[in-house]
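When a ligand or atom number is given, it counts from 1 through the structure's own listing order. The first residue in the sequence is number 1, and the count goes up from there.
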Amino acid sequence: TPRVVIIGAGIVGANLADELTERGWDRVTVLDQGPLPLTGGSTSHAPGLVYQTGPSKTMTGFASYTVDKFTGLEADGGWCFNQVGGLEIATTPERLADLHRKAGWAASWGVPGEVVGAEECAKLHPLLDPDRILGGFHTPTDGLAKASRVVEVLARRAEARGAVFQGGTRVVGIRQSGGRVTGVETPQGEVPADIVVCCAGFWGREVGAMAGMTVPLLPMAHQYARTAPLPELAGRNDERIEARLPILRHQDRDLYFREHVDRLGIGSYAHRPIAVGLDELPRLDTPSDDAMPSMLDFTGEDFAESWEHGRRLLPALEQARIEDGFNGVFSFTPDGGPLIGESPEVAGFWIAEAVWVTHSAGVARSVAQLLVEGRSELDLHGCSVHRFDEVETADAYVEETSRQNFIEIYDVKHPLQPRFSPRDLRTSPFHARQKELGAVFLESHGWERPHWYAANAALAKDLPMDWRPPSRDAWSGMFHDASVVAVEAWKTRTAVAMYDMTSLKRLEVTGPGALAYLNRLTTGKMDKTVGAVTYTLMLDDAGGVRSDITVARLDEQEFQIGVNGNIDLDYLRRELPEDGSVRVRDITGGTCCIGVWGPLARDLVQPLSRDDFSHEGLRFFRCMRARIAGIPVTAMRLSYVGELGWEIYTNAEYGQRLWDVLFEAGRDLGVVAAGRAAFNSLRLEKGYRAWGADMTTEHDPYEAGVGFAVRADKGPFIGRDAIAGRDEGSVGRRLTCLTVDDGRSVVLGSEPVLLDGAPAGYVTSAAFSHTLGTPIAYAWLPAEATVGTPVEIQYFDRRVRATVAAEPLVDPEMTRIRR
Ligand code: FAD
């Protein structure tokens, strides 16, 4: 087995050593700059509250694994996980509603939990005054992790399997040769390694830099204080059990609470964001329980307001006082997620950082699976260090967004809520025109993306009756304008609309080896004539859908890839043949794209060009280089919204001109600019999947309904063996199309779907279908939920009736596109 060095013996490093040695990798050395077992890192003082439920299926899965694993650990009679349960209370109607939404996530991801009334909350946690709260979300399997003890137990277990833990050993350099890691440097000498995994927590940026890797995390302080003994808790717990009351969260005031025998511990995120430079950390030779590098002095003035709010919530605190506290340091990231993955520059150098105790075992299991088996059972796209584009790893960006995440950590967040700042980082060449049309922009990876255009409100009065949308509830109506979006959808289906597709990633794959490379990576036949475009999948070794893409063959040795959801560019680069015969280049930034779609698309485009845009001249799924009003473009006859038309690409410098000529020429045809809200609705009613939301590596193509893109007879490709013998008929679960029975209740995604009253799956994407005049959704459901099956979607505290429908809902014969 390979020699592995893990940097950092905190909760992540210890879990990883355990998971690797459990899988038979026994040549594992864990190095830590601090002493063992209490290294002085964030783990050494973590109060260890584990709340499992969140919006992300993967993060919740990590947490549930942590709970299961820690519950099964024994440590000389002391607990590693104290399953006291979790209680999150609401003091505002908005929070109470949000707790219902959270209960929905719990049901979707399989965590037991329910929303309970104020009296029940007070029964569960007698320090609560029921008159001061509206209710709570109770989860019986949440609880407290004793992180420092877990580290000891896991270290012992890993050592018994051959691992070595070594304290007092600071890694000061990463050794490499020929682009591969060969070991780490320490003041005591070099430790050779085939694989190095950095689990250095908030020191990760510093260690990453040793390998030339930019790690987008920011160390920040977070306050934790303990009261003096409370008479109300006297005699309840002994030193061994420590806590019996559920861990408590008061998110309306950014506070959480746990028992420490007869004291209460209080954590606060209500204070100003305090970014911490590594040079500000205390320098200590021997960390102790209350003095360690990750602990800064308590700044009482930052806690004062939290203390008042704590006392207002819990009457027992009114006569109490704070006895001790500290500002503890841990990692924040631009989107709050962890950072997992291999360095693009130095093969074999991995990181697993910005991980909470809550997710530590799950993250370690996934990293061990990646290393040993090549694949994580949970989808990692939201955790990959490669999810950020270059601009998102800049120091100033990381600092600003991480600070913002600190502020918003417990906020009620709408799924469409855009970043407040920084904005206008990346704009398409059409940006000035879009602003003139009153575009309402949302943000993704720094891109400004029009969601709808206020200018189209003037057309709402023209909407035919059957296109007028019903009113929505306030939540689903947020970041949305139903009648304007209806106009944009209506115009797309009945006239013509222009969509800015610039922010969708585009790659150029060139070279003598390009064809063979793409054939190996994708499920489609790539050896087609120049001008062919193929919708295809990239699978992982186990047959999971890694990405779905379109590949346009622009020349014998030149292909353009359009990415529908997300793509791991780093993976594509690692799969390149060593002989240099293939080059992959991200061309998103220097180019732009307008989707011109609708029954009148040809009437708009053809008069502007001498090239042949007729049905015969450029067939469906074909592309050509052409000129439109003299501008050199590449036109691809594709439509993600299911209408006649083209994706029209050009270089960025021509973008605004292209927009102007198309918009001007379309005036008489009733052209509108249309945004992503209409786009999402139209693509969903056409049944087109969005990778990342509807399908991930956790699903095979047949389950996801994209089996048609697998050409099993084409020769070897990654994932082929794994899916051999599978087909649509043999799947146990399916991405399933639903229509909402009442014709008006719009859901948003991640809600549980109930079959016969019991949770059986969850919504992936949803929208109001303007063409059908009813809300629709896609959901993962057992295969027995066939067309016509009645289901219910749990939306906040109510159940929305829906029915499994045949898909696609719009134009199954493809007559709209093929004309
Ligand atoms: P660490 O425990 O910091 O371990 C990293 C290790 O790397 C350290 O031991 C360090 O010495 C070592 N290291 C760094 N650089 C080098 C080097 N160059 N060479 C050798 N070794 C090196 N999480 C929860 O889930 N629930 C909670 O309730 C909770 N409460 C928290 C409260 C506070 C006040 C704070 C500060 C954090 C809290 N967290 C909580 C977060 C949690 O503590 C951390 O996210 C987690 O402990 C990080 O674990 P880690 O193993 O990544 O990092």
TODO: For ring-ring contact (aromatic ring centres under 6.0 Å, His included), just list the numbers for Phe332 and His222, CA-CA rounded to whole Å, side-chain angles, deciding distance to a tenth of an Å, and then say yes or no.
DONE: CA-CA 11 Å; Phe332 280 77; His222 151 55; 8.0 Å; no

Open item on the list: Given the ring of Phe257, does Arg249 sit roughly above its face, with NZ or CZ under 6.0 Å from the centre of the six-membered ring and within 45° of the axis?
Closed with: no

Open item on the list: Between Asp26 and Thr21, do the side chains contain a donor N or O and an acceptor N or O under 3.5 Å apart?
Closed with: no

Open item on the list: Please determine whether the number of non-hydrogen atoms from other residues, nucleotides or ligands lying under 6.0 Å from atom CD of Glu305 exceeds 12.
Closed with: no

TODO: Might you list the protein residues in contact with ligand 1, defined as having a heavy atom under 4.0 Å from one of its atoms, sorted by chain and number?
DONE: Ile7, Gly8, Gly10, Ile11, Val12, Leu31, Asp32, Gln33, Thr39, Gly41, Ser42, Thr43, His45, Ala46, Pro47, Gly48, Leu49, Thr169, Arg170, Val171, Cys199, Ala200, Gly201, Trp203, Val207, His222, Tyr224, Tyr256, Phe326, Gly328, Val329, Phe330, Val355, Trp356, Val357, Thr358

Open item on the list: Between Arg375 and Leu370 (side chain of the first, backbone of the second, donor and acceptor by atom type, cut-off under 3.5 Å), is there such a pair?
Closed with: no

Task: Residues in side chain to side chain donor-acceptor pair (under 3.5 Å) contact with Thr141, at least two apart in sequence or another chain - done: Gln52

